[in-house]
Amino acid sequence: MNNLAIKPDDRVLVIGSTGFIGGRLVLELLKKGIKLRLLVRNPSKLSPSLLKNQLIEVVKGDLLKDEGLPAAFHAIHSAYYLVHSMGGKSISSNLEFAQADKRAAKNFVAAADAAGLKRVIYLGGLGEMGKNLSEHLRSRAEVAEILSSGKTQATILRAAVIVGAGGASYEMLRHLVEKLPVMVCPKWIDTKIQPIAVRDVLAYLVGCLLNPDTAGKVFDIGGTDIMTYREMMQQYAKAKGLCPRLIVSVPVLTPHLAAYWVDFVTPVSSGIAHPLIEGMKNEVICQEHSIDQYVPIKKTSFPDAARIAIEEGKEVKGTIGS
Ligand SMILES: NC(=O)c1ccc[n+]([C@@H]2O[C@H](COP(=O)([O-])OP(=O)(O)OC[C@H]3O[C@@H](n4cnc5c(N)ncnc54)[C@H](OP(=O)(O)O)[C@@H]3O)[C@@H](O)[C@H]2O)c1
């Protein structure tokens with residue numbers, strides 16, 4: 001395991017650094033003095049302070065188009081894979097996201113194997129394989145499988161909804177709760193989930209890099225609370241100081257219709273809302289807790305996670321997923 005331990009001169013590749021998780025992770029890794037390389041499709045999305053940072057190198061490229069990968073992987077010790085292909089302004093513009101995600105992961109493995117990458121850390125989704133699993137959660141699991149199929153040691157973290165300003169699922173929840181005192185929801189509103197605070201996710205992502213014994217392992221990560229989506233909405237309303245919402249569930253509201261409604265009411269485009277809403281039919285609860293032995297942290301409760309996200313008060317500009 002010795003060559004899996006990161007040393008001061010090693011450089012770490014982050015793919016997805018312009019996203020919700022990747023953007024925050026870069027700041028955490030910089031605090032630890034870790035040298036980084038960012039593979040980005042559009043460098044102008046990075047802040048000027050990141051572009052000027054001495055610890056950061058930027059490579060323009062695209063996983064899906066297989067562009068820039070040799071330059072991105074050259075002399076890299078470990079990589080973070082924080083990428084998905086869901087999005088697009090409309091549902092029809094994003095029907096092939098699972099195929100695209102497979103292709104991107106395969107391109108990653110080919111480039112990683114060619115470059116001799118030692119470790120990859122991937123953040124995917126909770127949810128158990130079976131014919132009822134949504135396309136989105138199935139696709140996240142397929143990516144985990146592909147990333148584990150190469151020569152690189154993969155660490156797979158599996159999470160449900162991540163609570164933090166700017167996350168697509170969180171923004172969907174917050175806008176619906178804040179704007180609609182009365183809500184008509186599909187029956188998935190009573191599915192159970194185990195949300196997690198973004199700061200806990202970041203602690204696990206960094207902790208896994210710093211602990212080489214996490215290489216080659218799969219970990220479920222979650223917060224302290226298991227609840228239904230209905231309870232999560234009510235708890236968010238309470239954290240925000242709003243009166244309880246009136247939530248009526250109806251059996252006939254399809255994910256299609258719900259996604260267009262979310263697109264109308266929130267900054268989340270229907271192209272990303274649709275796969276996320278479909279995923280809400282599946283229970284997403286940690287099935288194992290071995291991460292506690294490798295990266296022990298004080299887990300954040302949902303009310304605290306919601307309060308922190310509200311305090312951050314980051315306004316999302318534009319549309320998420322377009
Ligand atoms: N958000 C949650 O609640 C949540 C919950 C559980 C698991 N996760 C997992 O966490 C990971 C990160 O999700 P996120 O919420 O941070 O997503 P996000 O905000 O949508 O960010 C996705 C990132 O992937 C990049 N990307 C997409 N296609 C790419 C390509 N072909 N080549 C290079 N980069 C590409 C995007 O770059 P551009 O800026 O160029 O588009 C962006 O930086 C995903 O694996 C997701 O499944 C998220």
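Counting starts at 1 for both ligands and their atoms, in listed order. Remember, it's a predicted structure, so these values are computed and weren't measured experimentally.
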So what's ligand 1 close to, N/O to N/O, under 3.5 Å?
residue: ligand 1; atom: 3 (O); partner: I162; partner atom: N; Å: 3.1
residue: ligand 1; atom: 16 (O); partner: F20; partner atom: N; Å: 3.3
residue: ligand 1; atom: 16 (O); partner: I21; partner atom: N; Å: 2.9
residue: ligand 1; atom: 17 (O); partner: H84; partner atom: NE2; Å: 3.2
residue: ligand 1; atom: 19 (O); partner: F20; partner atom: N; Å: 2.8
residue: ligand 1; atom: 20 (O); partner: H84; partner atom: NE2; Å: 2.8
residue: ligand 1; atom: 28 (N); partner: R41; partner atom: NH1; Å: 3.4
residue: ligand 1; atom: 28 (N); partner: R41; partner atom: NH2; Å: 3.4
residue: ligand 1; atom: 31 (N); partner: D62; partner atom: OD1; Å: 2.8
residue: ligand 1; atom: 31 (N); partner: L64; partner atom: N; Å: 3.4
residue: ligand 1; atom: 32 (N); partner: L63; partner atom: N; Å: 3.0
residue: ligand 1; atom: 37 (O); partner: T18; partner atom: OG1; Å: 3.2
residue: ligand 1; atom: 39 (O); partner: T18; partner atom: OG1; Å: 2.5
residue: ligand 1; atom: 39 (O); partner: K45; partner atom: NZ; Å: 2.7
residue: ligand 1; atom: 40 (O); partner: R41; partner atom: NE; Å: 3.0
residue: ligand 1; atom: 41 (O); partner: R41; partner atom: NH2; Å: 2.8
residue: ligand 1; atom: 43 (O); partner: G16; partner atom: O; Å: 3.3
residue: ligand 1; atom: 43 (O); partner: T18; partner atom: N; Å: 3.4
residue: ligand 1; atom: 43 (O); partner: T18; partner atom: OG1; Å: 2.7
residue: ligand 1; atom: 43 (O); partner: G19; partner atom: N; Å: 3.0
residue: ligand 1; atom: 45 (O); partner: L123; partner atom: O; Å: 2.7
residue: ligand 1; atom: 45 (O); partner: R140; partner atom: NH1; Å: 2.7
residue: ligand 1; atom: 47 (O); partner: R140; partner atom: NH1; Å: 3.1

**Asked** How would you list, by chain and number, every residue that makes a side-chain hydrogen bond (donor to acceptor under 3.5 Å, both in side chains) with K31, sequence neighbours excluded?
**Response**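 K31: side-chain hydrogen bond (donor to acceptor under 3.5 Å, both in side chains) contacts with E28.
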
**Asked** Quick one: side-chain hydrogen bond (donor to acceptor under 3.5 Å, both in side chains) partners of S290, sequence neighbours excluded?
**Response**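 So S290 forms a side-chain hydrogen bond (donor to acceptor under 3.5 Å, both in side chains) with E288.
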
**Prompt:** Who are the salt bridge (charged side-chain N to carboxylate O under 4.0 Å, His left out) partners of E145, not counting sequence neighbours?
**Reply:**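 Scan of E145 (salt bridge (charged side-chain N to carboxylate O under 4.0 Å, His left out), adjacent residues dropped) gives none.
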
**Request:** Would you confirm whether the ring centroid of F108 sits within less than 6.0 angstrom of the ring centroid of F73?
**Result:**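 Between F73 and F108, the centre distance is under 6.0 Å.
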
**Request:** Indicate, with yes or no, if the rings of F219 and Y204 have centres closer together than 6.0 Å.
**Result:**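 No.
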
**Request:** Kindly give the heavy-atom pair with the smallest separation between V206 and Y80, and that separation in Å.
**Result:**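 Closest approach of V206 to Y80, heavy atoms only: CA-OH, 3.8 Å.
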
